[in-house]
Amino acid sequence: MKTRRELLQYAGAALAALPFAKTFAQSRPRRTSPGAIVVSTWNFGMQANDAAWKILGSGGHALDAVIAGVGVPEADPKNTSVGYGGLPDRDGHVTLDACVMDENGKAGSVACVENIVHVAALARKVMEKTPHVMLVGEGAQRFALANGFPKTNLLTPESEKAWREWLKTARYKPVANIENHDTIGMLALDAAGNLSGACTTSGMAYKMHGRVGDSPLIGAGLYVDNEVGAATSTGLGEEVIKICGSHVVVEQMRLGKSPEEACRIAVERIIKKNPVKRDDLQVGFLALNKHGEHGAYCILKGFQYAVRSGAQNILIDGKSHFA
Ligand code: ASP
């Protein structure tokens with residue numbers, strides 16, 4: 001029979017041998033400093049990256065950069081899945097969700113907010129000016145107005161027209177890779193080597209009033225750990241929430257997985273529960289690690305992400321589980 005001391009020594013040795021006992025830096029060592037980089041979801045990420053780069057390229061803070069970056073699609077009336085001009089819920093209300101997270105692990109979030117365009121900036125205010133992480137609905141709107149955010153009708157004539165057309169059948173069916181659900185998730189590493197992220201969306205078009213997806217949920221739509229990396233998601237939020245998607249991706253990078261491998265593992269967890277290919281089930285994960293390496297993985301072909309570093313801004317096709 002082993003003594004208590006022997007048992008404790010044995011347990012200590014076993015723990016030390018486990019892969020998670022390694023730090024991220026031990027499992028993915030790097031010699032040179034990575035330099036600033038920003039990545040974001042979908043092709044509208046290109047323009048958003050350019051706005052973020054104005055800050056990152058001059059040595060600015062990653063959090064300032066991502067909020068400026070996602071502010072572009074938030075204000076774009078032609079983008080029907082984020083911010084102003086977003087498609088409404090089934091009752092005709094445009095309700096927005098967003099969150100941010102910085103290098104200190106601080107987080108802010110808002111959900112189901114009406115009449116405010118820049119909800120990622122609002123999420124940052126929640127982080128900086130309240131003792132809370134998340135404000136929702138009417139309370140979030142009241143906080144926004146008290147902090148000088150203008151009140152704006154988010155429903156554009158085009159989105160209203162699309163909604164009235166939808167009302168004729170009122171059939172809810174998400175369609176992969178098109179505008180009835182897409183989100184901008186943006187991750188940045190600044191010149192000082194610090195990571196931040198933001199995620200902002202109008203969520204699923206024609207959702208039930210009050211529905212909140214993954215995008216404003218820390219650990220689902222966004223997660224940042226400054227020792228390891230950051231991840232964000234887009235697609236059918238319900239499936240991302242059920243696996244705590246972005247947190248899974250960051251934890252896999254901590255174990256030494258590349259950003260793409262980490263995203264693939266998260267996608268496979270969703271596939272395990274939904275093994276049959278469906279045209280209404282798209283989820284894409286995007287990740288950036290502490291070394292500036294990036295990668296993505298999605299369920300269905302068609303998810304793209306934009307990467308800007310220096311003068312180069314490029315669009316990359318994410319690898320997919322189903323061809
Ligand atoms: N993930 C978002 C949501 O479920 C929408 C999207 O990215 O397509 O609300």
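One-based numbering, in listed order, for ligands and for the atoms of each.
Note: no N/O pair closer than 3.5 Å links Leu236 and ligand 1 by distance alone. Considering both main-chain and side-chain atoms, Ser233 never comes within under 3.5 Å of ligand 1 through any nitrogen or oxygen pair. Between Glu238 and ligand 1, no N or O atom pair is found at a separation short of 3.5 Å. Residue-to-ligand polar distances keep Gly213 apart from ligand 1: every N/O pair is separated by 3.5 Å or more. Below 3.5 Å of separation, one finds an N or O of Asp214 facing an N or O of ligand 1.
Proximity to Ser215 (heavy-atom distance under 4.0 Å) selects the following atoms of ligand 1: 1 (N), 2 (C). Within ligand 1, counting atoms from 1 as listed, the ones closer than 4.0 Å to a heavy atom of Thr234 are 6 (C), 7 (O), 8 (O). The ligand atoms of ligand 1 that sit less than 4.0 angstrom from a heavy atom of Gly235 are 1 (N), 2 (C), 3 (C), 4 (O), 5 (C), 6 (C), 7 (O), 8 (O).
With hydrogens and angles ignored, the 3.5 Å screen pairs no side-chain donor or acceptor of Asn289 with any backbone N or O of Met253. Within the 3.5 Å criterion, the main-chain N or O of Leu155 finds no donor-acceptor partner in the side chain of Ser159.
Residue Gln47 qualifies as open at atom CD: its count of foreign heavy atoms under 6.0 Å is 12 or below. Counting heavy atoms of neighbouring residues, nucleotides and ligands inside a 6.0 Å radius, atom CD of Glu128 exceeds 12 of them.
Ser40 pairs in a side chain to side chain contact (heavy atoms under 4.5 Å, CB included) with only one of the listed residues (Ile184, Val70, Val72), which is Ile184.
Under 4.0 Å from ligand 1, the heavy atoms of Arg211 that appear belong solely to its side chain.
Salt-bridge check for Glu158 with Lys161: failed, with every basic side-chain N at 4.0 Å or more from each acidic carboxylate O.
Distance check: Arg124 CZ to Ser196 OG gives 8.0 Å after rounding to the nearest 0.5 Å.
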